[in-house]
Amino acid sequence: MKVRVYVDGFNLYYGALKARPAARWLDLVALARLLRPADTVDAVRYFTARIKGGQDPTAPGRQKLYLAALGSLPAVSVHFG
């Protein structure tokens with residue numbers, strides 16, 4: 001079966017990644033395939049907002065790099081809200 005995965009970037013970051021710096025470069029397609037091994041991951045849609053970096057001025061640059069990396073994966077589309 002083909003599946004599409006929807007990811008809330010805010011909840012993913014604060015729920016699973018903030019305390020694990022090494023995991024912040026998470027490959028969302030690989031994660032989806034691990035969670036649904038019997039299915040074909042058709043698409044991953046990543047929903048996020050641009051961060052301002054008030055407490056950490058380097059954060060927007062890191063987010064930009066991560067979003068560019070996600071955008072290089074053909075199955076991933078990034079959506080801002």
**Request:** With sequence neighbours excluded, give me every salt bridge (Lys or Arg N to Asp or Glu O under 4.0 Å) pair touching residues 67-81.
**Result:**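 Every candidate salt bridge (Lys or Arg N to Asp or Glu O under 4.0 Å) pair involving residues 67-81 fails, so no pair, neighbours aside, qualifies.
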**Item:** Pairs meeting criterion salt bridge (Lys or Arg N to Asp or Glu O under 4.0 Å) with involvement of residues 67-81, two or more places apart
**Value:**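 Non-adjacent pairs meeting salt bridge (Lys or Arg N to Asp or Glu O under 4.0 Å): zero.
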Please tabulate, for the side chains in residues 36-43, all donor-acceptor contacts under 3.5 angstrom to protein atoms that are two or more places apart in sequence or on a different chain.
unit_1	atom_1	unit_2	atom_2	d
Arg36	NE	Asp39	OD2	2.8
Arg36	NH2	Asp39	OD2	2.6
Asp42	OD2	Arg4	NE	3.0
Asp42	OD2	Arg4	NH2	3.2

**Prompt:** Same cluster for Leu34 and Met1 if Ile/Leu/Val/Met/Phe/Trp/Tyr side chains link at under 4.5 Å?
**Reply:** no
**Message:** Please determine whether residues Tyr14 and Tyr6 belong to a single hydrophobic cluster, defined as Ile, Leu, Val, Met, Phe, Trp and Tyr linked transitively by side-chain heavy-atom distances below 4.5 Å.
**Reply:**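 As far as the 4.5 Å side-chain criterion goes, Tyr6 and Tyr14 are not connected within one cluster.
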**Request:** Report yes if the side chains of Leu12 and Tyr46 come closer than 4.5 Å at any heavy-atom pair, otherwise no.
**Result:**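 They are in contact (side-chain heavy atoms under 4.5 Å apart), so the answer is yes.
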**Asked** So do the side chains of Val5 and Leu28 get within less than 4.5 Å of each other, counting heavy atoms only?
**Response** no
Indicate every side-chain donor-acceptor pair of residues 65-81 with a distance under 3.5 Å to a residue at least two apart or in another chain.
unit_1	atom_1	unit_2	atom_2	d
Tyr66	OH	Leu26	O	2.9
Ser72	OG	Ala69	O	2.6
Ser77	OG	His79	NE2	2.9

**Message:** I'd like to check the salt bridge (charged side-chain N to carboxylate O under 4.0 Å, His left out) partners of Arg62; sequence neighbours left out, ordered by chain and number.
**Reply:**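 Result, salt bridge (charged side-chain N to carboxylate O under 4.0 Å, His left out) vs Arg62: Asp56.
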Please report, to 0.1 Å, the donor-acceptor pairs under 3.5 Å made by any side chain of residues 47-55, with sequence neighbours excluded.
none

